[in-house]
Structures are given as C-alpha cells and as structure tokens.
Amino acid sequence: MACDRRTLLRAGAFALALAAAPAVAQDAKMQGTKAEGAKIPIAVIGGGNIGGTIGGLWIKSGHPVMFASRHPDDLKPLVETLGPLAKAGTVEQALAFGDAVLIAVPYKAYPELGRTYGGLLKGKVVLDAGNATKARDGDLAAEAESAGIGATSAKYLPGARLVRAFNAANYRLFAQNAHRSGPAMAVPIAGDDKQALGVAAALVRDAGFDPVVVGGLDAARQFQMGSPGFQRDATGPEARKAFGVTE
C-alpha cells in the first residue's frame, strides 16, 4: 500500500507540474531579460503615425505584429507595406494575439478602451504612447495635467501592466533616428512593474533606441507633453543626466 501511495503522489505531482508548465513558459517568455534573438507577438492598438512607425520598426527586427482597428480593412495598405510579419485585426483579435501591447490611439479613447477591453488588457504588458491635448481631449487633458499622465492612464486602463513609452517625441523623430549610427536616441520610459519595464526596455532596443528608465508611473510627468523632457532628441547618457537617473 505504501508503494501504491508513493506512486499516486508522484503521479499527482507530475500532473500539477504539467498543468503549471504553460504559465511558467509564458512568464519566462515575458522576462525583461529575454533571450537573445527571442521575438514576441505584439498587438498595436491604432495604425496611425506612432502605431505604424513603431510597429513597423518591430517588424523589421523580427517581431510579428497585429495592428488593430474597429475597421481592420482600413489597415490593409499599412499591412501590405510592412510584409508577412504584419497582420490586421479587431482589437479583440489583436489583444489575444499579442504578448505585449502598444496603445497608440487618441487619448480621448482611453476611457472607452478600458471599459470595453479591460478584461483582455488585464495582466498584459502595455506600452502607453498616448498624449492628452486640450483641443482634442478636453477634460482628460486637464486631468492628465493635474494627476499626471501615468496615473491618468492607469485609472482608465486598470489591471494593465502599464509602461509609459514612445510618447515623448514626434513620430518623425522615431522614423529618422531608429538604429542611427553613433549613440542611439534615448526613449524615456516609466512604470511601476519591474518586469513590464524590462519587457518595454527590450522592445525599445529592438525598435532601435536606448531605453532610459526614469522611474515609476508618477515619473512619467517628467516627459509628458508640455514638460521639459518632451521632444528631446538626446542620447541615452544625455537623457539620464537630464532626468537625474542612473542605471
């Protein structure tokens, strides 16, 4: 009987290990220090200037990317230009596809985005590239100015593992300076989740830039629209000095 009991216990432990394996594999895949050359699928919510530019840079580095829109057919020209690693889909399809997400839609869409897709965003590493402007976003811009853009995004996208990234420069600067010769252009990032920051930093490097971790989400104030850290074409060392951070 003792032998049978030990056999059953070993079988039970093995079954539990098998059940846990997918979660362990997913966690390992999303580690900030991802394996050299490892590529992850990315969802880009929005196919405009920022989404198209940054998504295109990730495709060039080997990441499969699905661009999302309420009208995926509108993204067909973009996808055809970017090649076989580019796909178009609904927001639901993209969020199911991507291990990481870039949000690049007008800031006024954030409340509805959170209400409609909050369950799918929960637990995802989300790179938040949005900026709030008074002319377009009204009261949301005032809220972002008062509370800070990081706290405001976190309010409307609860449960997402949020990292502010790719919001501090015009898309033309990103297109012109990706993988440039000499010191890489700095991209400031901020977030409260260390693992999410690691994933975001790796994706910033893959896009051709030098990630500069400024701090937690509250530190995103330092490079939100209208701040001294906005629209800076700086190298990594220059940006770290300006933001007063060391890495």
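From a predicted model like this one, the values you see are computed outputs, not experimental measurements.
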Problem set entry | Residues, nucleotides or ligands: over 12 heavy atoms within 6.0 Å of K124 NZ | yes
Exercise. To the nearest 0.5 Å, how far apart are OG1 in T133 and NZ in K108?
Worked result: 9.0 Å
Problem set entry | With M185, the side-chain contact (heavy atoms from CB on, under 4.5 Å) member among T235, D210, D233 | D233
Exercise. If you group Ile, Leu, Val, Met, Phe, Trp and Tyr by side-chain heavy-atom gaps below 4.5 Å, do F209 and I40 land in one group?
Worked result: yes
Problem set entry | Nearest-0.5 Å distance that lies between atom CG in L57 and atom CZ in F174 | 9.5 Å
For this session: Check F166 against A207 and note the closest heavy-atom contact, atom names and distance.
Result: CZ-CB, 4.1 Å
Exercise. Distance from D99 atom CG to K39 atom NZ, nearest 0.5 Å?
Worked result: 14.0 Å
Exercise. For the residue pair T53 and Y171, what are the closest heavy atoms and their distance?
Worked result: OG1-CD1, 3.6 Å
For this session: Any chance you could measure Q195, atom CD, to R161, atom CZ, to the nearest 0.5 Å?
Result: 4.5 Å
For this session: List the steps and the verdict of side chain to side chain contact (heavy atoms under 4.5 Å, CB included) for V213 and V245.
Result: CA-CA 8 Å; V213 180; V245 300; over 6 Å; no
Problem set entry | Note, T90 side chain near P72 side chain (heavy atom, < 4.5 Å) | yes
Exercise. So, for L173 and A169, which heavy atoms are closest and what is the spacing to 0.1 Å?
Worked result: CD1-CB, 3.9 Å
For this session: Write down the atom of A201, the atom of P211, and the distance for their closest heavy-atom approach.
Result: O-CG, 3.5 Å
Problem set entry | E143, CD: over 12 other non-hydrogen atoms inside 6.0 angstrom | yes
Exercise. Does I42 share a hydrophobic cluster with M66, counting links as ILVMFWY side-chain heavy atoms below 4.5 Å and allowing steps through other members?
Worked result: no
For this session: Could you tell me whether the side chain of K87 reaches within less than 4.5 Å of the side chain of V79, counting heavy atoms only?
Result: no
Problem set entry | Distance-minimising heavy-atom pair for A190 and A219 | CB-C, 4.4 Å
Problem set entry | Whether R221 side chain and Q224 backbone form a donor-acceptor pair below 3.5 Å | no
Exercise. Between the main-chain N or O of W58 and the side-chain N or O of S61, is there a donor-acceptor pair closer than 3.5 Å?
Worked result: yes
Exercise. Should R164 and D128 count as an ion pair when the cut-off is N to O under 4.0 Å?
Worked result: yes
Exercise. When Ile, Leu, Val, Met, Phe, Trp and Tyr are grouped by side-chain heavy atoms lying under 4.5 Å apart, directly or through other members, which residues fall in the same group as V91?
Worked result: I45, L95, V101, I103, V105, Y107, Y110, L113, Y117, L120, L121, V126, L140, I149, Y156, L157, L162, L217
Problem set entry | Verdict with reasoning, I54 to V44, per side chain to side chain contact (heavy atoms under 4.5 Å, CB included) | CA-CA 9 Å; I54 303 304; V44 174; over 6 Å; no
Problem set entry | CG on L85 to NZ on K60, rounded to 0.5 Å | 12.5 Å
Problem set entry | Rounded distance [0.5 Å steps], CE in M225 versus CG in N167 | 8.5 Å
For this session: Evaluate the side-chain proximity of L203 to H63: yes if any heavy-atom separation is below 4.5 Å, no if none is.
Result: yes
For this session: For T116 and E112, indicate whether the former's side chain and the latter's backbone hold a donor-acceptor pair under 3.5 Å.
Result: yes
Exercise. Which heavy atom in F67 sits nearest to a heavy atom in A86, and how many Å separate them?
Worked result: CE1-CB, 4.2 Å
